Amino acid sequence: MNAKITAKEYILDLKEKCNSGLSDAEIRSEIDRISEERIAEIIGTKTDIEIAGICYYLSNDGDDNNDGRSPDTAWKTIDKLNESLDIIKADDGVFFRRGDLFRGSVKLKTGVTYSAYGKGEKPVITSSICNCAEPSLWKKTDVPFVWEYTETIEEDVGHIVFDDTSYARKIIRSAEADGSFLDFRAKRKFFDYHDMCEDMTFWHNCAQAYEGDGKVYLRCEKGNPGKLFGSIEMGRRVHGMSASPDGCNNVRVDNICIAYVGSHGIGVGTCDGLTVTNCVLKWIGGSIQTKIGGFGRTWPTPFGNGIEIYGQATNFTVDNCYIYQCYDAGVTHQFSRSARRAMNVNNVRYINNVICDCVYNIEIFYGDDAHDPAAYPRSFRNNLIANNILRTGGGFGHFARPDENVTALIRHGSVTVNTENYNIRNNILDRSLGIMIQATDDGASMARLCGNIYVQEKGKGFCTRSGKCIMTDDDTLKALSDSGKETDATVVII
């Protein structure tokens with residue numbers, strides 16, 4: 001592995017090999033190799049941060065009675081960090097010790113940098129309250145193979161992850177017009193844990209969705225889950241990082257791992273100058289956003305993105321991050337189409353990332369205001385998606401969410417027609433359980449695409465252009481060229 005090779009150079013080198021006659025099988029092998037090397041580089045990124053102000057430190061060996069101003073006098077908890085917002089100023093830095101795990105939700109403050117110190121793996125921030133792999137935390141119910149978690153969890157659990165490698169499918173219960181209740185994804189009768197019949201599924205009877213008692217039930221046919229696994233983490237309806245009451249402009253988050261979070265990994269509103277670099281985000285989302293009836297649905301709507309700005313996004317950068325297994329989007333900037341607010345979305349850059357196994361690896365939507373575009377103008381200018389490896393669209397969200405057939409590697413849900421200088425170039429897009437790129441007949445169709453490498457199964461959806469769907473077949477490359485929106489594409493059909 002050559003650490004001096006940039007993400008762009010990896011992809012340009014593969015592009016050159018493709019043009020020199022590399023076979024489809026060899027291209028796919030090269031994508032595997034490049035992905036593995038890029039992931040290793042991101043995971044192994046060192047901290048290289050200079051702070052003009054005061055540095056504050058957190059470690060699992062710290063003490064909240066300390067002043068936090070050195071590794072030897074570090075604070076211990078995120079609660080202490082959030083209680084200290086009044087003393088932390090712009091240009092200060094907050095550093096979490098590598099190799100440690102911190103439970104809670106960080107409040108981001110304007111002008112502050114958040115990063116890592118020490119040696120080892122990136123520090124982990126999680127909303128999961130504890131490692132639940134303890135036999136005494138699970139008890140049998142009156143239903144064979146169904147276990148009850150002994151503690152009540154108030155915030156809705158979005159996912160349960162075992163040993164950081166596997167998960168249980170969340171049951172989302174709908175209320176149908178005829179008075180029945182369904183496991184909406186499985187389309188079978190479901191009222192409560194007595195109706196659990198599929199191995200490795202879970203049901204959280206939470207107040208946020210069903211006015212329930214907060215109990216978590218897991219069907220695990222091999223026995224007590226606390227005995228079977230070394231790690232069981234439950235992502236609660238809490239952000240990993242979110243804006244403080246004073247906002248979070250000009251914030252940098254660097255070399256942090258955010259994991260097992262039921263809401264967003266990093267979730268903020270209108271923001272100028274959010275930069276996320278060298279981070280890992282995994283197992284994000286799945287918690288309930290709205291109860292039954294929200295968005296006109298018969299089921300409660302889950303949500304959860306790796307990194308989100310909801311509102312005006314300017315000077316927003318996500319660079320050299322590894323993001324995977326997000327219920328909804330890996331990265332997104334978005335806002336309501338109908339809200340009465342002007343919205344200028346400028347200088348957004350998603351570059352040099354590896355994003356895998358999300359329902360939408362990248363998601364964007366900003367529509368013209370439905371009420372009065374003249375009074376509430378919107379623009380979308382100088383935005384770039386480049387040098388990314390976007391792979392295997394789907395993940396746990398694809399198999400859990402009630403609304404099926406929505407998965408895309410890049411999804412546009414509506415983009416204002418006031419779009420200028422929007423480029424999608426030099427990316428690898430490798431397979432989606434749905435479509436590769438979804439672009440509506442608006443500003444999204446104005447994107448200029450160049451030099452991208454595509455891999456998709458024959459017969460699956462490839463992309464939409466100006467409202468027309470291009471399928472994956474022997475004519476795909478010609479159709480892309482004829483669209484007038486794509487140049488220098490490489491297409492590999494499986």
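All figures in this text were calculated on a predicted structure; none of them were measured in a lab. Basis for what follows: all heavy atoms, side chains included, without hydrogens, waters or symmetry-related copies.
Between His333 and Tyr350, a ring centre-to-centre spacing shorter than 6.0 Å is recorded. Taking the six-membered ring for Trp and the full ring otherwise, the centers of Tyr327 and His159 sit at least 6.0 Å from each other. Side-chain rings of Tyr310 and Phe335 approach one another, their centers coming within less than 6.0 Å. Ring pair Phe95/Tyr117: centre-to-centre distance not below 6.0 Å. For Phe181 and Phe191, the gap between ring centers is short of 6.0 Å. The aromatic ring centroids of His204 and Tyr210 lie 6.0 Å or more from each other.
Of the candidates Val276, Val251, Ile125, Val106, Ile266 forms a side chain to side chain contact (heavy atoms under 4.5 Å, CB included) with just one, namely Val276. Of the residues Tyr193, Tyr149, Phe190, the one that meets the ring pair (Phe, Tyr, Trp, His ring centres under 6.0 Å) test with Trp203 is Phe190. Each of Val331, Ile385, Thr332 was evaluated against Ile364; a single residue qualifies, Ile385, per the side chain to side chain contact (heavy atoms under 4.5 Å, CB included) test. Exactly one residue among Asn249, Asn346, Asn315 makes a side-chain hydrogen bond (donor to acceptor under 3.5 Å, both in side chains) with Asp272. That residue is Asn315. Pro123 pairs in a side chain to side chain contact (heavy atoms under 4.5 Å, CB included) with only one of the listed residues (Asn255, Ile256, Ile258), which is Ile256.
The neighbour count for Glu121 CD, taken as heavy atoms of other residues, nucleotides or ligands under 6.0 Å away, does not exceed 12.
Among residues two or more places apart in sequence or in another chain, the ring pair (Phe, Tyr, Trp, His ring centres under 6.0 Å) test is passed with Phe202 by none. His412 pairs by the ring pair (Phe, Tyr, Trp, His ring centres under 6.0 Å) definition with Tyr422, not counting sequence neighbours.
Side-chain atoms of Glu151 and Ile129, non-hydrogen and from C-beta on, never get closer than 4.5 Å to each other. By the 4.5 Å heavy-atom criterion applied to side chains, Lys107 and Ser242 are counted as neighbours. Contact check for Gln456 versus Ser432: side-chain heavy atoms found under the 4.5 Å cut-off. Annotation: side chain of Tyr360 is in contact with side chain of Asp328 (closest heavy-atom distance under 4.5 Å). Contact check for Asp92 versus Lys109: no side-chain heavy atoms found under the 4.5 Å cut-off. Between Lys122 and Phe96 there is no side-chain heavy-atom pair separated by less than 4.5 Å. Between Arg185 and Arg401 there is a side-chain heavy-atom pair separated by less than 4.5 Å. The side-chain heavy atoms of Asn426 and Lys8, taken from C-beta on, include a pair separated by under 4.5 Å.
Between the side chain of Asn383 and the backbone N or O of Asn347, at least one donor-acceptor pair lies under 3.5 Å. With Asp91 contributing its side chain and Gly53 its backbone, the two residues share no donor-acceptor pair below 3.5 Å. Proximity of a side-chain donor or acceptor of Thr126 to a complementary backbone N or O of Ala259 within less than 3.5 Å is detected. The backbone N or O of Asn387 sits less than 3.5 Å from a side-chain atom of Asn427, completing a donor-acceptor pair. Side-chain N or O atoms of Arg431 include none that pairs as donor or acceptor with a backbone N or O of Glu457 at under 3.5 Å.
Asn320 and Thr277 are not linked by any side-chain donor-acceptor pair at a separation below 3.5 angstrom, with hydrogens and angles left out of the test. No donor-acceptor contact under 3.5 angstrom links the side chains of Asn418 and Ser379, judged on distance only. Judged by distance alone, the side chains of Asp100 and Ser59 never bring a donor and an acceptor atom under 3.5 Å apart. For the 3.5 Å distance criterion, the side chains of Glu176 and Ser174 qualify, holding a donor opposite an acceptor. One side chain, Arg448 or Asn421, offers a donor N or O that lies under 3.5 Å from an acceptor on the other. No side-chain donor from either of Lys170 and Thr201 sits under 3.5 Å from a side-chain acceptor of the other. One side chain, Tyr260 or Asp164, offers a donor N or O that lies under 3.5 Å from an acceptor on the other.
Listed here is the closest heavy atom pair of Val354 and Cys356: CG1-SG, 3.8 Å. Nearest heavy atoms, Cys463 versus Leu480: SG-CD2, 3.7 Å. Considering all non-hydrogen atoms of both residues, Tyr376 and Arg341 come closest at CD2-N, 3.6 Å. Of all heavy-atom pairs between Ala342 and Gln312, the closest is O-OE1, 4.1 Å.
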Original post:
Yes or no on side-chain contact (heavy atoms from CB on, under 4.5 Å) for Val359 and Val406, after CA distance, side-chain angles and deciding distance?
Top reply: CA-CA 7 Å; Val359 167; Val406 296; 4.0 Å; yes
**OP:** Walk me through it: do Ile87 and Tyr56 pass the test side-chain contact (heavy atoms from CB on, under 4.5 Å)?
**Re:** CA-CA 10 Å; Ile87 67 170; Tyr56 296 90; 4.2 Å; yes
**OP:** Apply the test side-chain contact (heavy atoms from CB on, under 4.5 Å) to residues Lys46 and Asp48: give CA-CA distance (whole Å), side-chain angles for both, the deciding distance (0.1 Å), then the verdict.
**Re:** CA-CA 6 Å; Lys46 306 299 182 183; Asp48 185 15; 6.0 Å; no
Original post:
Where do Asp403 and Trp299 land on the side-chain contact (heavy atoms from CB on, under 4.5 Å) test, with the steps shown first?
Top reply: CA-CA 10 Å; Asp403 48 338; Trp299 67 86; 4.2 Å; yes
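Judged by a 6.0 Å distance limit and a 45° cone about the ring axis, Lys187 is positioned over the six-membered ring of Phe184. Both tests do not hold together for Arg378 against Tyr366: distance to the six-membered ring centre under 6.0 Å, angle to the ring axis within 45°.
Under 4.0 Å is where a charged nitrogen must lie from a carboxylate oxygen, and between Lys215 and Asp213 no such pair does. Residues Glu83 and Lys80 are not paired through a salt bridge, judged by the lack of any N-O separation under 4.0 Å between the basic side chain and the carboxylate.
Applying the salt bridge (Lys or Arg N to Asp or Glu O under 4.0 Å) test to residues at least two apart or on different chains, the pairs with a partner in residues 419-428 are Arg381-Glu420.
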